[in-house]
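Step one of this worksheet: look at the structure below.
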Protein chains: 2
Amino acid sequence: MDHTPIACSHHDHDHCIHDALEAARNLCVSRGVRLTDLRLQVLELIWQNHKPLGAYTLMEMLAKANTRRVAPPTVYRALDFLLEQGLIHRINVLNAFIGCPSPGTKHQSHFLICRTCGVAIELDEPTLNQQILQVAKESGFTVETQALEVSGLCANCAGANT
Amino acid sequence: MDHTPIACSHHDHDHCIHDALEAARNLCVSRGVRLTDLRLQVLELIWQNHKPLGAYTLMEMLAKANTRRVAPPTVYRALDFLLEQGLIHRINVLNAFIGCPSPGTKHQSHFLICRTCGVAIELDEPTLNQQILQVAKESGFTVETQALEVSGLCANCAGANT
DNA sequence: GCCAATAGGTTATAGAGTAACATATCTGCC
DNA sequence: GGCAGATATGTTACTCTATAACCTATTGGC
Ligand SMILES: [Zn+2]
Ligand SMILES: [Zn+2]
Ligand SMILES: [Zn+2]
Ligand SMILES: [Zn+2]
């Protein structure tokens, strides 16, 4: 069974970017929130590839793209907005941010993270979510957010070593 | 079904501390590594309760306990040692560290974290681990480490609100 | 006792994130 | 259009977390 994630495959990534920005625009319109130039630009930079980017990396990228310098609070506010709207996720173990391929649908933050190439693959496994909720319930715990961060080697990078 | 975790129950916590330090001593002896005064003291401080503590909080506690000031690298080196030996876990979402109740047995880092009282409950659910490995395998991903951090309200804190 | 290895001390700095306040931009209303 | 309140961004300064680099002390085998 070969379910190689798109992030690890050769693919038309312009398509990923386009879809993500389109979905973001639609969501923000439907919610009546403002996807400003800055927010859109940060989202676009995050989607440059399937690897999580740190806030300060994004700052540098913004500085190069914009000529103008951007201070930390500016980029963090944009990131906060994108997080609130579910357009990106935060990868705690990396202090970094990555675009969500399915914003709008309520879901948790479950990732496979390759330590070699840096790709982060978002999982969509309702049964995993269910089992986590079940385990928490047995301890009388009320779940608000989940973060599953699995680190290791993606299919490409594991294959390269054999 | 009431499986209230020990961390959320009234319990003889001296017993928790004693067991943890005893287990640590035994493990380090059997592995031929040195559980120095500093490392033991840091581990003991971490075990003061069932709440993750930050490195700088530990530094302050050390300073008070020791009279001598301790600089960041000192405490981080002790933490690195304890992490390597599996005596503590790192809670990424909090940038904090917590004692492991079952060191020596190879296992992953799965926690329920209460946002109100700060308690972190370590899960021991082999089936959850298995399911995560299965999901990763389907993506061709080689798992090295897992970090599941579920945030919400523990049984005590959820109950207090009703 | 001596040497190599390991652990800890010290200083400085990098990296991540926020508080507080000023300015600009947008939106709805007159 | 012009105004007022709300929202968004700019700016400065700072806190918290973590590590690099180098030096000294301690340990354990020979
Ligand atoms: Zn893509
Ligand atoms: Zn990879
Ligand atoms: Zn206890
Ligand atoms: Zn609680």
Side-chain angles (χ1 to χ4, degrees), chain A residues 24-25 28-29 31-46 51-63 65-85 87-98 118 147 149, chain B residues 24-25 28-46 51-63 65-85 87-98 115 118 147 149:
Chain A
R25 269 186 279 258
C28 289
V29 167
R31 288 173 182 166
V33 295
R34 287 161 58 190
L35 187 60
T36 62
D37 284 352
L38 177 67
R39 291 165 175 175
L40 184 62
Q41 196 178 4
V42 170
L43 182 60
E44 190 172 1
L45 289 173
I46 286 179
K51 306 175 186 182
L53 294 177
Y56 281 71
T57 304
L58 287 166
M59 274 180 55
E60 286 174 23
M61 294 167 81
L62 277 174
N66 278 347
T67 336
R68 75 177 173 202
R69 249 191 79 55
V70 191
T74 300
V75 70
Y76 275 102
R77 280 186 290 234
L79 290 169
D80 286 345
F81 171 86
L82 296 171
L83 283 171
E84 276 167 25
Q85 299 302 324
L87 297 169
I88 62 174
H89 293 284
R90 182 171 201 282
I91 306 293
N92 292 316
V93 75
L94 298 177
N95 293 333
F97 304 86
I98 190 167
E149 300 177 358
Chain B
R25 269 186 278 259
C28 288
V29 167
S30 76
R31 289 174 181 166
V33 296
R34 288 161 59 190
L35 187 60
T36 61
D37 284 353
L38 177 67
R39 291 164 175 176
L40 184 61
Q41 196 178 2
V42 169
L43 182 61
E44 191 172 2
L45 289 172
I46 286 180
K51 305 175 186 183
L53 294 177
Y56 281 71
T57 304
L58 287 165
M59 274 180 56
E60 285 174 25
M61 295 167 82
L62 277 174
N66 278 347
T67 335
R68 76 178 172 201
R69 247 190 80 54
V70 191
T74 300
V75 70
Y76 275 102
R77 279 188 288 235
L79 290 169
D80 286 345
F81 171 86
L82 296 171
L83 283 170
E84 276 166 24
Q85 298 302 322
L87 297 169
I88 62 174
H89 293 284
R90 182 170 202 283
I91 306 293
N92 293 315
V93 76
L94 298 177
N95 293 332
F97 304 85
I98 189 166
R115 72 166 153 83
E149 300 177 359

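A quick note: this is a predicted structure, and the numbers were derived from the prediction, not measured. In the text below, chain A, chain B and the rest are named by the order of the sequence lines, each starting its count at 1.
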[X] [atom1] to [N] [atom2], straight-line distance once rounded to whole Å:
X       : N      : atom1 : atom2 : value
B:Asp80 : C:dA7  : CG    : C1'   : 13 Å
A:Leu83 : C:dT18 : CG    : C1'   : 15 Å
B:Leu38 : C:dT6  : CG    : P     : 18 Å
B:Arg69 : C:dT10 : CZ    : C1'   : 11 Å
A:Met59 : D:dG10 : CE    : C1'   : 12 Å
A:Gln41 : D:dA8  : CD    : P     : 17 Å

Can you see if the side chain of A:Arg68 gets near the phosphate of D:dT9 - specifically, an N or O under 4.0 Å from OP1 or OP2?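 Negative; the distance criterion is not met.
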Look at A:Arg77 and D:dA8 and indicate whether a side-chain polar atom (N or O) is within less than 4.0 Å of OP1 or OP2.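 No, outside the criterion.
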Could you give the distance from [atom1] ([X]) to [atom2] ([Y]), rounded to the nearest 0.5 Å?
X       : Y       : atom1 : atom2 : answer
A:Phe97 : A:Leu82 : CZ    : CG    : 10.0 Å
A:Leu87 : A:Ile46 : CG    : CD1   : 9.5 Å
A:Leu58 : A:Gln41 : CG    : CD    : 10.5 Å
B:Glu60 : B:Leu53 : CD    : CG    : 11.0 Å

Taking only the side-chain heavy atoms of [X] (C-beta and beyond), determine which of [options] contains the nearest atom.
X       : options                : result
A:Arg39 : C:dA16, D:dA8, C:dT18  : D:dA8
A:Tyr76 : C:dA20, C:dA16, C:dT11 : C:dA16
A:Thr74 : D:dC22, D:dT9, C:dA7   : D:dT9
A:Arg34 : C:dC26, C:dT18, C:dG8  : C:dC26
A:Thr36 : C:dA16, D:dT9, C:dT10  : D:dT9

In terms of the nearest nucleotide of DNA chain D, which residue is placed more toward the 5' end: B:Gly54 or A:Phe81?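 By nearest-heavy-atom nucleotide position, the 5'-most residue is A:Phe81.
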Heavy-atom nearest nucleotide on DNA chain D for B:Pro73 versus B:Asn95: which residue maps closer to 5'?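 The residue closer to the strand's 5' end, by nearest nucleotide, is B:Asn95.
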As a test of understanding, state which of A:Gln85, A:Glu84, A:Arg39 forms a side chain to side chain contact (heavy atoms under 4.5 Å, CB included) with A:Val33.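 That would be A:Gln85; it is the only one of A:Gln85, A:Glu84, A:Arg39 passing the side chain to side chain contact (heavy atoms under 4.5 Å, CB included) with A:Val33.
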